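Report on the structure given below.
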Amino acid sequence: MNAPSSSYRSGFACFVGRPNAGKSTLTNALVGTKVAITSDRPQTTRHTVRGIVHRPDAQLVLVDTPGLHKPRTLLGERLNDLVRTTWAEVDVIGFCLPADQKIGPGDKFIAKEIAGIKKTPKVAIVTKTDLVDSKRLAEQLIAIQQLGVELGFEWAEIIPVSAVGDKQVELVADLLTKLLPEGDQLYPEGDLTDEPEQIMVAELIREAALEGVRDELPHSLAVVVEEMLPREGRPADRPLLDIHANVYIERQSQKAIVIGAKGSRLKHVGTTARKHIEALLGTPVYLDLHVKVAKDWQRDPKQLRKLGF
């Protein structure tokens with residue numbers, strides 16, 4: 001199974017960047033399947049999702065961290081700690097900077113943090129290049145190079161990419177792979193992530209629940225899969241998996257938003273999530289969703305533990 005380690009490389013890379021910089025989309029494009037949740041709401045990734053890219057000459061394990069941000073709650077502080085721990089343990093850091101937005105204070109804050117991690121090579125990945133013309137892109141590339149100079153480090157590479165248009169995604173994999181140490185395969189062929197299935201299922205439900213809702217929801221939405229059990233008495237060629245999950249919000253007023261008029265929204269969430277879950281697990285699913293209020297859970301250590309943070 002393992003290629004001789006002299007020519008085979010394997011290791012961990014993580015994508016950093018402020019919320020909504022295209023990290024999850026890029027992870028999914030590289031792995032070729034949906035492993036990280038993507039949403040146009042910032043701050044939606046909470047768990048370290050590892051996507052695994054298998055290549056003939058290498059295995060690249062992608063660690064997706066939450067966006068680093070100035071924390072306002074206990075949850076925020078825990079997420080930031082998680083990010084820093086991850087950065088210290090990977091072989092290469094990919095810093096995602098959207099081509100269509102000028103480098104701002106948020107980017108500088110992160111750049112300063114990664115500048116402190118001396119030994120790890122840093123690659124600047126300019127995302128969303130499909131949204132700008134070549135002049136704007138050139139300006140952004142120069143600004144990014146300058147950012148490294150100001151902070152006293154040199155980028156190992158600066159790569160423009162559009163994960164949506166598949167432009168240069170392969171090149172990103174090539175360049176990240178080159179920076180990995182030589183070594184054997186870390187995961188069996190065919191594995192795409194080491195996230196427990198229950199966590200991935202919860203993330204898919206959460207993503208469906210976030211689609212198209214008002215701004216006040218993203219942070220206050222958590223999903224816990226209570227159980228996943230094969231339905232008893234089904235013929236072997238027609239299995240059915242029963243999934244029972246709770247969607248937690250912080251306030252009673254948010255409940256109506258998630259459920260929608262006469263339960264229409266929750267029904268839509270269930271249908272959307274079920275499709276993605278069936279694709280992920282390769283089996284028909286019966287999804288039972290309940291919405292519950294966990295008052296101010298983001299500030300309460302006991303509730304944070306219960307919800308998996």
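None of the values given here were measured: they were computed from a predicted structure. Computation of the quantities below employed the complete heavy-atom set of this structure, encompassing side-chain atoms and omitting hydrogens, waters and symmetry-equivalent molecules.
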Would you say [X] and [Y] are hydrophobically clustered, going by side-chain heavy atoms of ILVMFWY under 4.5 Å?
X	Y	value
Leu151	Val126	yes
Ile159	Ile142	no
Leu289	Tyr286	no
Leu204	Leu240	no

Which heavy atom of [X] sits nearest to which heavy atom of [Y], and what is that distance?
X	Y	result
Leu179	Ala156	CD1-CB, 4.1 Å
Leu30	Ala173	CD2-CB, 3.7 Å
Thr283	Glu278	O-CG, 3.3 Å
Leu60	Ala13	CD1-CB, 3.8 Å
Gly270	Leu287	O-CD2, 3.7 Å
Ala115	Lys118	O-NZ, 3.3 Å

Side chains of [X] and [Y], heavy atoms from C-beta outward: is any pair under 4.5 Å?
X	Y	result
Ile205	Ile277	yes
Asp288	Ile243	no
Arg136	Asp133	yes

I'd like to know if the side chain of [X] reaches the main chain of [Y], judged simply by a donor and an acceptor atom lying under 3.5 Å from each other, with no hydrogens or angles considered.
X	Y	answer
Lys267	Gly260	no
Gln140	Pro98	yes
Lys23	Arg18	yes
Arg206	Val223	no
Lys122	Thr120	yes
Asp91	Phe12	yes
Gln59	Gln185	no

In this structure, which one of Thr127, Thr25, Thr129 forms a side-chain contact (heavy atoms from CB on, under 4.5 Å) with Ser162?
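Among Thr127, Thr25, Thr129, the one meeting side-chain contact (heavy atoms from CB on, under 4.5 Å) with Ser162 is Thr129.
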
Tested for side-chain contact (heavy atoms from CB on, under 4.5 Å) against Val291, the lone hit among Ile257, Asn246, Leu266, Leu221 is Leu266

Got a second to check how far [X]'s [atom1] is from [Y]'s [atom2], nearest 0.5 Å?
X	Y	atom1	atom2	answer
Leu176	Leu171	CG	CG	9.0 Å
Lys112	Phe153	NZ	CZ	12.0 Å
Lys178	Asp174	NZ	CG	6.0 Å
Leu26	Leu62	CG	CG	8.0 Å
Leu97	Leu141	CG	CG	10.0 Å
Gln168	Leu175	CD	CG	9.0 Å

Salt-bridge criterion met for Arg55 and Glu170 (N-O under 4.0 Å):
yes

Residue Gln145 excluded, over 12 heavy atoms near CD under 6.0 Å
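At most 12 heavy atoms, drawn from other residues, nucleotides or ligands, come within 6.0 Å of this atom.
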
Enumerate the salt bridge (Lys or Arg N to Asp or Glu O under 4.0 Å) contacts for residues 225-235, please, sequence neighbours excluded, ordered by first and then second residue.
Arg231-Asp242

Trp155 and Phe95 aromatic ring geometry - parallel, tilted or perpendicular at 30°/60° bounds
tilted

Can you list the steps and then say if Val169 with Val161 is a side-chain contact (heavy atoms from CB on, under 4.5 Å)?
CA-CA 6 Å; Val169 170; Val161 59; 4.0 Å; yes

